[in-house]
A.B. asks: 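Here's a structure for you.
Just so you know, ligand 1 is whichever comes first in the structure, and atom 1 is the first atom listed for that ligand.
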Amino acid sequence: MKHKKLSVFLAACLFAASAWAASDAKMNLFIDNLMSKMTLQEKIGQLNLPVTGDIVTGTAKSSDIAGKIKLGQVGGLFNLKGVEAIREIQKIAVEQSRLHIPLIFGMDVIHGYETVFPIPFALSMTWDMQAIERSARIASVEATADGIAWTFSPMVDICREPRWGRMSEGSGEDPYLGSRIAEAMVRGYQGIDLTDPTTMMACVKHFALYGAPEAGRDYNTVDMSRVRMFNEYFPPYKAAADAGAGSFMTSFNTVDYIPATGNRWLMTEVLRDMWHFNGFVVTDYTAISEMINHGLGDLQQVSALALNAGTDMDMVADGFVGTLEKSLQEGKVTLEAINTACRRILEAKYKLGLFDDPYRYLDAKRAKRDIYTNEHRAEARRIATESFVLLENSDNLLPLKKQGTIALVGPLANTRANMPGTWSVAATSDRYSTLLEAMQRAVGDKAQVLYAKGCNVCYDEELEKNSTMFGREMRDPRSAEEMRDEALRIASQADVIVAAMGEPSEMSGEASSRSDISILDAQKDLLTALKATGKPIVLLNFSGRATVMTWEKENFSTILNVWFGGSEAADAICDVVFGDVAPSGHLTASMPKNVGQVPIYYNHLNTGRPNPKWFTKFTSNYLDVDNEPLYPFGYGLSYTTFSYSPVALSSSTMTHDGSIKASVNVTNTGTREASEVVQLYIRDLVGSISRPVKELKDFARITLKPGETRTVEFTITADKLKFYNSELQYDCEPGEFDLMIGPNSRDVETLRFTLQ
Ligand code: BGC
């Protein structure tokens, strides 16, 4: 019987493999045929990805891009919104260019489309892979309904550097969690069939190491050992490639002193030869011409460098269209390299079904029906509630009752445009609620909500201006005293104060690095004044990065980090504040005590002089602060409590081909249903290279009713123990390992086992 099943299975595999080979052969034939008709200029044209600029419906025909499209000098366009505008442009390519090759339309659909999900950093706090996949799926349904076939997401750059504004776009500091999220996003966007008009092609970015810029300054130099790249920074990119992502984007930074875009080792040896990625690589915005500033030569030289490295498509720099023909004549690039890049882009279009029907993503009916639907919004709201992290609640002030008078204060309390968060290109913020509106709706006539802004983002007008761009300006012309007095007046009439503080949404994101990531001056003064009233205060902290909250922790007993929760953020915040949903987010980045501790991350190496107790002379510590983060990786409270039984190990020895099981009983010891994230960490005690003090290797997100107990079981196989050694060979080494289980990376129970 068993054999029969096996042979049926094998036959099915063979059938799938041969169907695959047949469809590949069909594609190759189609592309061979097409390419045989293409001129050199048309081939180079496919490698060109200009930005759309300000084309709107009706203006496409007269744009300068239209002329280039007719000549076959454009392969795709990006960040153009709306079926009509896109159709108009696609029509030019299909009807007026010589070979009728359709364009590919891309967009930064980063965390949702018009229904916006929490920023990716916040999404990662859910540790909920189904929710994350679902968010990408919904983003895909909406974006494809509006003409988009290609998204510049997921951004999978590991980041231990909260000064860097783009921490907001990634999944935090951990390679294991980052890898699971990368896969979930690719699955969500691409589904199982790219020709399905509700799926779109993913673009994994920014390859590679963009999340480790020196001093946290955007676009800055990155330099690290290859062992670190492979063990700590590469895993999410590789996971996304393994999940079948159709495209990759190069990063702006240097890797081994060569900008990623021109780095052959990275783009060809690692990505294609080692990882077998067979999609296409697009540069980041003007990354080719930026190599001139990096000191790699003039536009012709850097364009040749990029092509020879294995980069296929040039975003905005005009380097390929401007210089490759000349480079070919001068022998600096080969026709084969141009053909290869062109083929990869045509393959992507083929896989998306664009040659079958160039208008397959351009169905105006779908756009009306599928975007910003009630169902999508409900999902976004639910997922946002899972992303908030309860940092403090020692007085059990949360959840609030819907009664009495609530004073809602703070610069983030009544702003619509700041709710969705950075990189929400397709957002339609005028339809989203402010926190004030949502709160009024939530309490109805059961309670009274008073509002005062209380202060501006900060005293420095220039800093506020630079941190609130793209229509998200919010400066109040009143004096600080006037605003504060108003807040104190309403506070005096209230039973509880809810303070909506933190960063505006554009204080994180691209080119939004900060050297000081602690609370902004005007907000600190307002909170100090509010605290002096003696009223209970719920502090809601908005941010797009891990911030320093040392002062807040010392002064406030109730802190809920809400990041940027997307289009439904305001309602979701109320769901948690008023206890309809218990918070369950867990930190995916360590929160430092001060900026001097940065980079701070839980999965660090030991030193030769570990610090037994702060302060100990001649051990690895600071004079002025201990080594611990303020809140560790994996941390997050709930409205209930959970207890963990002692951990049980099925055996204390394991063979290379075998496995052992670790299990723990988790009980909800509180009075309400809630979710917990049970985390498994492992430490390799002795290795051929120094190994981290602990590494996340698995986790389980579980929901328990009050009093309910669940056994969580993790299986440990050799795969969980493997790492890249100094020869970059991937394997595990026999010896002793510590296995740790707990609700965060700090509070764990440790058991030992041996790999034979
Ligand atoms: C960003 C990318 C983005 C691209 C296109 C660049 O500035 O670094 O993440 O996809 O612009 O908008």
A.B. asks: Using a 4.0 angstrom limit on heavy atoms, which residues are close to ligand 1?
C.D. replies: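 Residues within 4.0 Å of ligand 1: F78, N79, D108, F152, R166, K205, H206, M249, F252, D284, Y285, M315, W423, E510.
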A.B. asks: In this structure, is the centre-to-centre distance between the rings of W563 and F117 below 6.0 Å?
C.D. replies: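 When the ring centroids of F117 and W563 are compared, they turn out to be at least 6.0 Å apart.
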A.B. asks: Can you list the residues that meet the side-chain contact (heavy atoms from CB on, under 4.5 Å) rule with S168, with sequence neighbours excluded?
C.D. replies: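 side-chain contact (heavy atoms from CB on, under 4.5 Å) list for S168, sorted by chain: I119, T422, S508.
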A.B. asks: Under the salt bridge (Lys or Arg N to Asp or Glu O under 4.0 Å) rule, collect the residues that match up with D298, sequence neighbours excluded.
C.D. replies: none
A.B. asks: Report the relative orientation of the aromatic rings in F152 and F78; use parallel for angles under 30°, tilted for 30 to 60°, perpendicular for over 60°.
C.D. replies: perpendicular
A.B. asks: Tell me every residue that passes salt bridge (Lys or Arg N to Asp or Glu O under 4.0 Å) with R180, counting only those two or more places apart in sequence or in another chain.
C.D. replies: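 Applying salt bridge (Lys or Arg N to Asp or Glu O under 4.0 Å) to R180 gives E183.
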A.B. asks: Mind running side chain to side chain contact (heavy atoms under 4.5 Å, CB included) on R137 and T199 for me, showing each step along the way?
C.D. replies: CA-CA 8 Å; R137 174 80 197 119; T199 62; 3.7 Å; yes
